[in-house]
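Inspection log for the structure reproduced underneath, given as structure tokens.
The shown structure was predicted, so the numbers you read here are calculated from the model rather than taken from an experiment.
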Amino acid sequence: MRDFSFNDIRASNKGMTVESIDIGYPSFRSSETTVPFRDSTIDVYDLLGLKVYDDRTITVKMWKKCIDRLEVEKSKNEVANWLYAQAGKVRFVDSALPEKFFKAKISSFDASASTRKACIITATFKADPYMYSVKEGGEKTI
């Protein structure tokens, strides 16, 4: 079963079952500018020989079976308090990539799909473009 940890706390410890984790890839950042008396534009990063990336997006869908609406609301609040506890980016580890981690923070939390007996949450994280190795002195990769 797939799981993830955020700020060193696993979703399964909160009673949540992870349905899916979608880790997007970062896109190249460009800074195009016009130059007088020249056709087209110039990308400043290309001109300097730099590769600069935008943040990546991680989307997690998870659920928990509950006995009544009160437990659904309690579960939503517990998960929201866990995910929103940190102000900055913290460690996000996907169980499918245990040797790597991302530095991420929550950007959106949607529990609108929840029913009377199921807490259904979609959480979106904004993460650094790089994956970091858990090994000491480990490298960062795209």
Side-chain angles (χ1 to χ4, degrees), residues 1-35 38-142:
M1 178 173 62
R2 198 159 181 193
D3 200 3
F4 77 96
S5 69
F6 184 71
N7 198 22
D8 297 325
I9 299 172
R10 293 194 143 320
S12 57
N13 292 350
K14 297 291 182 183
M16 301 303 290
T17 300
V18 176
E19 185 176 311
S20 67
I21 300 174
D22 179 31
I23 301 173
Y25 287 93
S27 59
F28 284 110
R29 183 180 303 158
S30 66
S31 179
E32 294 182 350
T33 186
T34 59
V35 177
R38 184 183 189 281
D39 293 332
S40 190
T41 60
I42 294 177
D43 187 338
V44 177
Y45 294 119
D46 285 344
L47 188 64
L48 297 173
L50 298 174
K51 284 187 180 179
V52 180
Y53 301 96
D54 287 325
D55 285 341
R56 67 173 72 215
T57 302
I58 301 173
T59 305
V60 177
K61 293 181 182 178
M62 54 189 154
W63 59 273
K64 177 182 178 182
K65 189 174 180 181
C66 301
I67 57 171
D68 59 9
R69 188 68 182 170
L70 182 63
E71 187 181 355
V72 169
E73 292 301 319
K74 183 179 173 188
S75 296
K76 284 195 289 190
N77 288 334
E78 185 178 329
V79 172
N81 288 336
W82 160 48
L83 297 177
Y84 282 104
Q86 299 297 318
K89 291 182 178 177
V90 295
R91 189 180 285 220
F92 179 103
V93 180
D94 180 356
S95 64
L97 301 166
E99 309 84 29
K100 304 282 185 181
F101 70 92
F102 300 92
K103 291 180 183 174
K105 67 178 179 178
I106 186 85
S107 62
S108 73
F109 181 90
D110 180 19
S112 63
S114 295
T115 65
R116 290 183 304 126
K117 296 203 175 198
C119 178
I120 303 168
I121 296 170
T122 301
T124 305
F125 299 87
K126 184 176 182 179
D128 285 353
Y130 302 103
M131 289 187 288
Y132 300 90
S133 174
V134 296
K135 296 178 184 175
E136 187 155 335
E139 62 185 37
K140 62 181 185 178
T141 58
I142 292 292

Strictly by side-chain hydrogen bond (donor to acceptor under 3.5 Å, both in side chains), give each pair with a member in residues 98-113 just once, sequence neighbours left out. Ser108-Thr124, Asp110-Ser112
Taking the side chain as everything from C-beta on, heavy atoms only, tell me whether Val134 gets closer than 4.5 Å to Val93. no
Scanning both residues in full, the closest heavy-atom pair of Met62 with Ala11 reads SD-CB, 4.4 Å
Please identify each residue that fulfils side chain to side chain contact (heavy atoms under 4.5 Å, CB included) with Asp54, with sequence neighbours left out. Ser27, Arg29
Just how far is it from atom CG of Leu47 to atom CD1 of Ile42, taken to the nearest 0.5 Å? 6.0 Å
What pair of heavy atoms forms the shortest contact from Ile121 to Ala111, and how long is it? CG1-CB, 4.2 Å
Please name the pair of heavy atoms, one in Pro26 and one in Tyr53, separated by the smallest distance, quoted to 0.1 Å. CB-CB, 4.1 Å
Judged by atom type as modelled, is there a donor-acceptor pair below 3.5 Å linking the side chain of Ser114 to the main-chain atoms of Ile120? yes
Take Phe109 and Trp82 through the ring-ring contact (aromatic ring centres under 6.0 Å, His included) test and state the conclusion after the steps. CA-CA 12 Å; Phe109 181 90; Trp82 160 48; 9.6 Å; no
Taking Ser30 for its side chain and Glu32 for its backbone only, find out whether a donor-acceptor pair lies under 3.5 Å. no
Using the ring pair (Phe, Tyr, Trp, His ring centres under 6.0 Å) criterion, which residues pair with Tyr45? Sequence neighbours excluded. none
Let me confirm one number: the CD1-CZ distance from Ile58 to Phe92, rounded to the nearest 0.5 Å. 4.5 Å
Work out which heavy atom in Thr115 is nearest to a heavy atom in Val72; give both atom names and the distance. O-CG2, 3.5 Å
Under the side-chain hydrogen bond (donor to acceptor under 3.5 Å, both in side chains) definition, can you give me all pairs with a residue in residues 57-74, not counting sequence neighbours? Lys64-Ser75, Arg69-Glu73, Glu73-Lys76
Under a 4.5 Å cut-off applied to non-hydrogen side-chain atoms, are Phe6 and Phe125 in contact? yes
Determine whether Phe28 and Val52 make a side-chain contact, defined as any pair of heavy atoms from C-beta on separated by less than 4.5 Å. no
Would you mind listing every side-chain hydrogen bond (donor to acceptor under 3.5 Å, both in side chains) that reaches into residues 8-21, with sequence neighbours excluded? Asp3-Ser12
Note: Ile142 and Pro129 closest approach over all heavy atoms is CD1-O, 3.8 Å
Can you tell me which residue pairs pass the salt bridge (charged side-chain N to carboxylate O under 4.0 Å, His left out) test with a partner in residues 79-98, sequence neighbours excluded? Arg2-Asp94, Asp55-Lys89, Lys89-Asp128
Which heavy atom of Ile106 sits nearest to which heavy atom of Ala123, and what is that distance? CD1-CB, 3.8 Å
